[in-house]
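Data block below; observations after.
Just so it is clear, the structure is predicted and the values come from calculations on it, not from any experiment.
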Amino acid sequence: VAAGRDSIAYYWDLHTGTCSTISESDRHRSWIRDSNLSPDGSLLANANQAGTVLLWNLPSGEATDPRLEATIQGHAGQVWNLAWSPDGKYLATAAADHSIKLWDIASLHGKDCYQPASGHVWDIAISGNPSTIVSTHEGGTLRTWDIASRQMVSERPVPWVNNKTILALDKLHNLAAVSAVDHTSVHLVDYLTGNEILTKDLGPATVDTIACSPDGSELAVVDESGKV
């Protein structure tokens, strides 16, 4: 899945290589900040600068066109990041209003709100339990939140990530891969203890995107040149 400033989401069938698109230009005049497939591949969530998340039902069977399932609203600023729970029941959103919200997909109502004290929320992910939200923040911190109590469980300093960061979780081993968008290295951290396990320098190109495989055995990194 890919999306950007043209308000179009692109998604590919990995078996056939076919690329399909969803244009949102007639629904909002802003670019898509994040695009994320549900674990079962049936729903595509697109977060935009207009402060909403559009939830699309992707075609299956005889259906040929995606269908808008819902428009999720509740943030007081552009929505930057999305994260699905592993069971697909919940969608977490992080926005410019410094808040993290958890949405119940069945009811499409906001379940909980996690309000950091200050500073931007750079990126979010949900652990494999799923009982924990992991987030990176302005000022160089990695935080964990208990979903049930809505309370912050831990706050760990990660001083090498002070600018906007990207985050990927190995959901089986409590590990977070973290990098800043202007950095040339990726750091592997135990998000429960804050201990740094490994640092991988990828210079000279800076990191653009990172992602963990479902079983946690592989980490994919895309640099600014487009190299994986």
Side-chain angles (χ1 to χ4, degrees), residues 1 3-4 28 30-36 45-55 72-86 90-105 109-171 174-183 186-192 194 207-212:
V1 179
H28 59 83
S30 62
W31 58 299
I32 299 172
R33 297 300 304 254
D34 196 10
S35 185
N36 213 313
N46 291 332
N48 58 61
Q49 281 189 307
T52 62
V53 176
L54 298 188
L55 198 62
I72 299 174
Q73 297 176 305
H75 284 288
Q78 56 185 292
V79 182
W80 286 349
N81 297 104
L82 304 167
W84 288 92
S85 63
Y90 302 108
L91 179 70
T93 57
D97 59 6
H98 300 177
S99 72
I100 300 169
K101 293 183 182 292
L102 190 67
W103 305 87
D104 186 318
I105 295 302
H109 290 143
K111 174 178 171 59
D112 293 306
C113 181
Y114 308 81
Q115 188 74 48
S118 62
H120 291 298
V121 183
W122 288 141
D123 206 354
I124 53 173
I126 299 179
S127 68
N129 298 16
S131 62
T132 305
I133 293 176
V134 182
S135 57
T136 53
H137 297 258
E138 184 178 18
T141 59
L142 179 72
R143 300 175 187 177
T144 60
W145 308 81
D146 181 69
I147 289 178
S149 68
R150 295 183 292 173
Q151 298 299 311
M152 185 171 65
V153 177
S154 65
E155 182 176 18
R156 314 288 183 184
V158 281
W160 32 263
V161 182
N162 191 35
N163 298 323
K164 185 176 180 182
T165 58
I166 46 181
L167 173 69
L169 290 192
D170 170 1
K171 298 177 180 179
N174 298 330
L175 297 178
V178 188
S179 180
V181 293
D182 59 351
H183 281 198
V186 175
H187 303 258
L188 195 62
V189 181
D190 184 321
Y191 61 77
L192 296 181
V207 178
D208 184 72
T209 302
I210 53 179
C212 281

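Across Ala3 and Ser35, no two heavy atoms sit closer than the pair CB-CB, 3.9 Å. Taking every heavy atom of both residues into account, Val121 and Ala94 meet most closely at CG1-CB, 3.8 Å. Contact between Val79 and Leu82 at its shortest, heavy atoms only, is CG1-CD2, 4.4 Å.
With Ser135 contributing its side chain and Asp123 its backbone, the two residues share no donor-acceptor pair below 3.5 Å. With Thr144 contributing its side chain and Ser154 its backbone, the two residues share a donor-acceptor pair below 3.5 Å. Not a single donor-acceptor pair under 3.5 Å links the side chain of Arg143 to the backbone N or O of Val153.
Taken to the nearest 0.5 Å, the CD1 atom of Ile147 stands 5.0 Å off from the CD1 atom of Ile126. With rounding to the nearest 0.5 Å, the separation of CE in Met152 from CD1 in Ile100 is 10.5 Å. From Arg156, atom CZ reaches atom CG of Leu142 across 8.5 Å, with rounding to the nearest 0.5 Å. Here CH2 of Trp122 is found 11.0 Å from NE2 of His137. Values are rounded to the nearest 0.5 Å.
A heavy-atom distance below 4.5 Å is not found between the side chains of Asn48 and Trp31. Side-chain contact between Leu102 and Thr93: absent, with no pair of heavy atoms (C-beta onward) separated by less than 4.5 Å.
For Thr132 and Trp145, the side-chain atoms include no donor-acceptor pair closer than 3.5 Å.
The one candidate from Asn36, Leu91, Asp34 that meets the side-chain contact (heavy atoms from CB on, under 4.5 Å) condition with Val53 is Leu91.
By the 30° and 60° cut-offs, the orientation of the rings of His120 relative to Trp80 is tilted.
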